[in-house]
There are 2 protein chains.
Amino acid sequence: MRSRVQPDPPAFGRASRRGLADESADRIREAILAGEVPPGGPLREVELAAALGVSRGSVREGLWILEREGLVRSAWHRGTSVIDITPEDVREVYAVRAALDRLAAITARETATENHLAELDALVAAMAAEIAGTPAGARLVALDIAFHDAVYTAAANRRLTEAWRAVRSQVHLFQLRRVALGFAHYRARVVDEHRELAALLRSGDRDTVARTAEEHVNSAHRGLLADLP
Amino acid sequence: MRSRVQPDPPAFGRASRRGLADESADRIREAILAGEVPPGGPLREVELAAALGVSRGSVREGLWILEREGLVRSAWHRGTSVIDITPEDVREVYAVRAALDRLAAITARETATENHLAELDALVAAMAAEIAGTPAGARLVALDIAFHDAVYTAAANRRLTEAWRAVRSQVHLFQLRRVALGFAHYRARVVDEHRELAALLRSGDRDTVARTAEEHVNSAHRGLLADLP
DNA sequence: CATGACGCTAATGTTGACATTCGGACAATC
DNA sequence: GATTGTCCGAATGTCAACATTAGCGTCATG
């Protein structure tokens, strides 16, 4: 190995320079999750292009990314708009998520390294800290999502991660809505449920892990449906 | 209910006019599945635009569709290319597919109408007919995929169908490869396995349907891995 | 001979202009 | 009065030119 002058190696798998399309997608996603565009609201290409200071083509490509994430929907010559949150949509998303989480948990149980497991513990601790202080719903939801991101990362299946990405933002949006409607129920359960999951990934038998992962999603599902009109 | 004069209502959900991007995607996908572009082979935008007689922008958008299907992969300023078929890729795709098929089967068992079930029977019959004659691998695989399309349609979950679409073309490509390598094994099992699945969707208990659907995918997985280098 | 810098080329990334389509307002018709 | 036909504006779909980048051969250099 060659001696180093710099204190730390890059360690990043290529700085992954991104194009304007990715940047645009990030900014628009942010705006949607911040509630600046209501569910069902239109996303006009010219408006966005002007607001972001890029060309329509780049915005267009950014919207494709968001469509792949299921956050927006577009139709021929009728433009792009944010998805709404009907009970039917919620049912669909959580059904798929349950199946994916089940596979992710089963797989991660076998493939997770000690680093991965430590990461999960750290995230649970962060949730607990958030609740102990003056809890902000949005931050708590972000940690929740991050936890599941970590599980998918540990499972190390690119196609599975890709499938998760296709529902991830929708789950994020739904959970945000859930927190906005009734915070107490969510706050009371998050930490314990995730702690249990993390523990089972360390040392649980396959069936228990599978059932718990599914039940975790169903719990979130019920919690949201109960508060929704 | 109001009396009708017309024998049947239109029932068409809009003729769904498509743009050049979709057409381009279709033609390119066709070319890939026909083997005209080898796994790992490059897909140059200018070439394709010239060949299809459309602008680069449309081709670019078409390639995005194929990327969403997982059939091609692209990187910043490094272009788009067809995926290869490594054992690792096969493992990933079939693991995800097993999870999705499991959910689709469980759901379809409850939501399928008589029409859906009849469609499944018809497809099984078509497979049997194909084998009885002079069987062509490509046609048999197409029927196989169509069968599973029908199951997903019966499950009536747009997100689930979307997730299936993200692996569908890859499965198609893999099965095509499988048939090209060793036809006998596949031919011997297809009809029976699908007939069993169709029967269970009519009248099987939940657990049996789930396990059979998973096992069906695993069987295909093993069959391919055995023949692969 | 190995190594690193330099520059070229072929491809993609980005842009603004032009063509097409959708949905609604309004008027004509039965 | 409801339906059908026509027009209009606004938005998206499409295109071809320009800017940027990665890969690679070449060359000087230790």
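Quick note on labels: first sequence line is chain A, next is B, and so on, each numbered from 1.
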If I take atom [atom1] in residue [X] and atom [atom2] in nucleotide [N], what distance separates them, rounded to the nearest angstrom?
X: B:W64; N: C:dT12; atom1: CH2; atom2: P; result: 14 Å
X: B:H77; N: C:dT9; atom1: NE2; atom2: P; result: 18 Å
X: A:E61; N: C:dT15; atom1: CD; atom2: P; result: 11 Å
X: A:L48; N: D:dA11; atom1: CG; atom2: P; result: 12 Å
X: A:L20; N: D:dT20; atom1: CG; atom2: C1'; result: 11 Å
X: A:E67; N: D:dG13; atom1: CD; atom2: P; result: 10 Å
X: A:R56; N: C:dT14; atom1: CZ; atom2: C1'; result: 14 Å
X: A:R44; N: D:dG13; atom1: CZ; atom2: P; result: 14 Å

(message) Check B:R158 with A:D89, please: is the shortest side-chain N to carboxylate O separation under 4.0 Å?
(response)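 Yes, charged N to carboxylate O under 4.0 Å.
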(message) Salt bridge check, A:R159 against B:E69: does any charged N sit closer than 4.0 Å to a carboxylate O?
(response)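 Salt bridge absent between B:E69 and A:R159.
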Counting heavy atoms from C-beta on, name the nucleotide in [options] closest to the side chain of [X].
X: A:E45; options: D:dT21, C:dG16, D:dG13; value: D:dG13
X: A:S55; options: C:dT15, C:dT20, C:dT12; value: C:dT15
X: B:S58; options: D:dT21, D:dT14, C:dT20; value: D:dT14

(request) Look at all strands and tell whether B:G57 reaches a base, only sugar-phosphate, or nothing, counting heavy atoms closer than 4.0 Å. (result)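 Here B:G57 touches no strand at all.
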(message) For a quick check of understanding: with a heavy-atom distance under 4.0 Å over all strands, which category does B:L43 fall into, base, sugar-phosphate or nothing?
(response)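 It contacts sugar-phosphate atoms only.
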Does [X] make a side-chain N or O approach to OP1 or OP2 of [N] shorter than 4.0 Å?
X: A:R78; N: C:dC22; result: no
X: B:R60; N: C:dG13; result: yes
X: B:W76; N: C:dT12; result: no

(message) Would you call the rings of B:H194 and B:H216 parallel, tilted or perpendicular, taking 30° and 60° as the class edges?
(response)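 If you compare the ring of B:H194 with that of B:H216, the planes turn out perpendicular.
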(request) Check the pair B:L225, B:Y94 against side-chain contact (heavy atoms from CB on, under 4.5 Å), reporting the backbone distance first and the verdict last. (result) CA-CA 11 Å; B:L225 273 192; B:Y94 281 95; over 6 Å; no
(request) Give the minimum heavy-atom separation between B:L143 and B:M127, together with the two atoms involved. (result)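 Between these two residues, the closest heavy atoms are O-CE, 3.7 Å.
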